Amino acid sequence: MKVLIVGSGGREHAIAWKVAQSKKVDKIFCAPGNAGIAEYAECVNIGAMEFDKLAAFAKTEEIDLTIIGMDDPLVGGIVDVFEAEGLRVFGPRKNAAILEGSKAFSKDLMKKYHIPTAAYENFTDADSAMAYLEQAKCPIVLKADGLALGKGVLICNTLEEAKEGVREIMLDKKFGSAGNQMVIEEFMTGREVSVLSYVDGKTIKTMTSAQDHKRAGDGDTGLNTGGMGTFSPSPFYTKEVDEFCQKYIYQPTVDAMASEGREFKGIIFFGLMLTPDGPKVLEYNARFGDPEAQVVLPRMKNDIIEVMEACVDGTLDQIDLQFEDNAAVCVILASDGYPVKYEKGLPIRGLENFKEKDGYYVFHAGTKKDGDNIVTNGGRVLGVTAKGSDLKQARANAYDAVQWIDFDNKYYRHDIGKAIDEA
Ligand code: AMP
Ligand code: GLY
């Protein structure tokens, strides 16, 4: 079969690598793709938001399944456009992708269906938000309602900071129209865990757990980023935690969406906080995490196309989803200065060191071809992943492999997976 993947980051590279192993797949296209994805797929120069062009391409090339990697096209309704053309596509429709697209929607859904999450209020005007803050406890969390590249969340320690935050989000529109509405919620403490799952509308099968590191600097200092590294599984995600979440969070979310007439098919990514009062939902995403996919997919045993087709067809209950009994760590190699200002176009050396090394992977996030060279082309450049028999071994292997690659402004965190030592 022929598969089209929509997206261009490290997540889509990990998806393409996994799809390339499927017995069912003869040919992969990726739009727009990147220099690493080009190893497995023919990259097509169509943007992820050009729905009509993508659908026309899928028709002409007789694509059997299109996989949407990114949040923006999903929230924008790409799946509806493909379905209207009779094309098979993996991902939620617009009315279900709202689970990620609107934080106010997701909070109201959780409240209505008693799914554990932080206490909150939604606001559509700055005056009421300001008035609410006067009697609220700090620290407090402000969230722009819509998609904001993972940057629309402000944790405020004082009333003054919180008022400034409301001004930025609702009046200055720092995150654009994402700030037309906002959520103000209780600050929670605990370990964070990401649990990704396959969903077919009624059945949910969760994948192995992972943990991300969102801040730019060692010791969780510096600005928030798209993610500087991940490990999988999380040692804090115990059997008891899993049982609680299966019962009170995962299936209830799928059932809630179905009850609302918003049947969800695709990936639900549960961002969880393991609080002293039990696990609670921080956020939902409607796609694989980046860089969670880079540690979860290398550990997945199943043929990913069989699982995705079961989601589309509503037969996920027949799939026995399995993961290897090992661990993986991903360290992001970024351009020094990310996420603010950084140089691009620098030649990358050492990529060939990963060829035919079992259990070591280099997933491209921001790279491009420049003549015979592959050069840096973004803030997050590469995700170096290694597997190991346990988390400590995987971490040691990943940090070895980080040294195989070099470019002039290479920057990475040195403490990815440090939490493992506290488990
Ligand atoms: P989100 O995009 O909702 O996952 O938020 C981004 C990050 O902000 C999360 O990964 C948490 O580290 C933090 N965060 C979000 N909501 C809360 C909360 N209610 N309490 C504490 N931290 C939070
Ligand atoms: N790594 C977090 C995300 O993909 O949203």
Side-chain angles (χ1 to χ4, degrees), residues 7 9-15 69-72 74-75 97 99-107 110 116-121 136-157 162 165 169 175 178 182-196 207 209-216 220-232 234 267-277 279-297 330-332 334 339 363 365 379-380 383 385 413 416 419:
R11 164 182 50 211
E12 285 76 21
H13 191 176
I15 295 171
M70 301 165 71
D71 45 4
D72 281 310
L74 288 169
V75 170
L99 193 61
E100 169 164 8
S102 166
K103 293 196 190 284
F105 169 86
S106 73
K107 295 296 293 190
M110 287 186 269
T117 188
Y120 76 101
E121 292 285 337
K137 265 204 327 229
C138 286
I140 194 146
V141 183
L142 311 183
K143 298 185 173 185
D145 177 57
L147 295 182
L149 298 167
K151 298 190 179 78
V153 175
L154 305 176
I155 295 176
C156 304
N157 289 309
I169 293 175
F175 308 107
M182 70 180 289
V183 176
I184 301 186
E185 74 175 24
E186 167 203 10
F187 177 76
M188 301 190 285
T189 54
R191 300 267 177 198
E192 279 187 48
V193 186
S194 304
V195 175
L196 282 54
M207 297 180 230
S209 62
Q211 186 181 320
D212 191 8
H213 299 65
K214 288 205 167 93
R215 300 290 205 95
D220 288 330
T221 55
L223 294 172
N224 257 322
T225 70
M228 292 300 292
T230 36
F231 58 84
S232 169
S234 162
I267 303 288
I268 300 183
F269 165 151
F270 297 85
L272 303 172
M273 182 81 96
L274 309 183
T275 80
D277 302 327
K280 294 188 183 179
V281 178
L282 276 169
E283 63 159 349
Y284 293 114
N285 295 312
R287 35 104 192 145
F288 280 99
D290 188 347
E292 281 87 347
Q294 290 90 316
V295 283
V296 168
L297 291 178
C330 172
V331 179
I332 296 293
F363 295 118
R380 292 194 293 176
T385 296
R413 274 183 66 163
I416 301 303

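Quick caveat, the model's predicted, so the values are computed rather than measured. Whatever order the structure lists them in is the order used to number ligands and atoms, beginning at 1. Count residues from 1 along the sequence.
Taking the side chain as every heavy atom from C-beta outward, Cys138 and Asn157 never approach each other to under 4.5 Å. Between Asn224 and Arg215 the shortest side-chain heavy-atom distance falls below 4.5 Å. With a 4.5 Å cut-off on side-chain heavy atoms, Met207 and Phe288 count as touching. Taking 4.5 Å as the limit, every side-chain heavy atom of Lys137 sits out of range of all side-chain heavy atoms of Phe187. Lys103 has its side chain out of reach of Glu185: every pair of non-hydrogen atoms, C-beta onward, lies at least 4.5 Å apart. Leu272 is listed as a side-chain neighbour of Val195, based on a closest heavy-atom distance under 4.5 Å.
Judged by distance alone, the side chain of Glu12 and the main-chain N or O of Gly9 form a donor-acceptor pair under 3.5 Å. With hydrogens and angles ignored, the 3.5 Å screen pairs no side-chain donor or acceptor of Arg287 with any backbone N or O of Met70. At least one donor-acceptor pair under 3.5 Å links the side chain of Arg11 to the backbone N or O of Gly69. Put simply, the side chain of His213 gets close to the backbone of Gly229: a donor and an acceptor are under 3.5 Å apart.
Ligand 1 has a nitrogen or oxygen under 3.5 angstrom from a nitrogen or oxygen of Met188. Considering both main-chain and side-chain atoms, Glu292 comes within under 3.5 Å of ligand 2 through a nitrogen or oxygen pair.
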Go through Phe269 and Tyr284 one step at a time and tell me if the side chain to side chain contact (heavy atoms under 4.5 Å, CB included) criterion holds. CA-CA 6 Å; Phe269 165 151; Tyr284 293 114; over 6 Å; no
Full working for side chain to side chain contact (heavy atoms under 4.5 Å, CB included) between Glu283 and Val153: CA-CA 11 Å; Glu283 63 159 349; Val153 175; over 6 Å; no
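Residue Asn285 has at least one heavy-atom neighbour below 4.0 Å for each of these atoms of ligand 2: 5 (O). The distance from ligand 1 to the heavy atoms of Leu282 drops below 4.0 Å at these ligand atoms: 3 (O), 14 (N), 15 (C), 16 (N), 17 (C), 18 (C), 23 (C). For ligand 1 and Glu283, the ligand atoms under 4.0 Å from any heavy atom of the residue are 1 (P), 2 (O), 3 (O), 4 (O). The atoms of ligand 2 that sit less than 4.0 Å from any heavy atom of Gly226 are 1 (N). Of all atoms in ligand 1, listed by their number and element, those nearer than 4.0 Å to a heavy atom of Met273 are 21 (C), 22 (N). Taking every heavy atom of Lys103 and a limit of under 4.0 angstrom, the matching atoms of ligand 1 come to 2 (O), 3 (O). Under a 4.0 Å criterion applied to the non-hydrogen atoms of Asp212, ligand 2 contributes the atoms 1 (N), 2 (C). Residue Glu185 approaches ligand 1 through these ligand atoms, each under 4.0 Å from one of its heavy atoms: 16 (N), 17 (C), 18 (C), 19 (N). Counting atoms of ligand 1 from 1 in the listed order, those under 4.0 Å from a heavy atom of Lys143 are 3 (O), 15 (C), 16 (N). For ligand 1 and Phe187, the ligand atoms under 4.0 Å from any heavy atom of the residue are 20 (N), 21 (C). Interface of Gly289 with ligand 2, defined as ligand atoms under 4.0 Å from a residue heavy atom, comprises 4 (O).
Nearest protein heavy-atom contact of atom 3 (C) of ligand 2 is Arg287 NH1, 3.5 Å. For atom 22 (N) of ligand 1, the nearest non-hydrogen atom of the protein is Ile155 CD1, 3.7 Å. If you check which protein heavy atom lies closest to atom 11 (C) of ligand 1, you get Glu192 OE2, 3.0 Å. Closest to atom 8 (O) of ligand 1 among all protein heavy atoms lies Val153 CG1, 3.6 Å.
At a heavy-atom cutoff of 4.0 Å, ligand 1 is contacted by the backbone of Glu186 but not by its side chain. The proximity of Met70 to ligand 2, defined as any non-hydrogen pair under 4.0 Å, does not occur for either the backbone or the side chain. Contact annotation for Arg11 and ligand 2: no heavy atom of the residue comes within less than 4.0 Å of the ligand.
For the residue pair Asp212 and Thr230, no side-chain donor N or O sits within less than 3.5 Å of a side-chain acceptor on the partner.
At a 4.0 Å cut-off, not a single heavy atom of Gly227 sits close enough to ligand 2 to count as contact.
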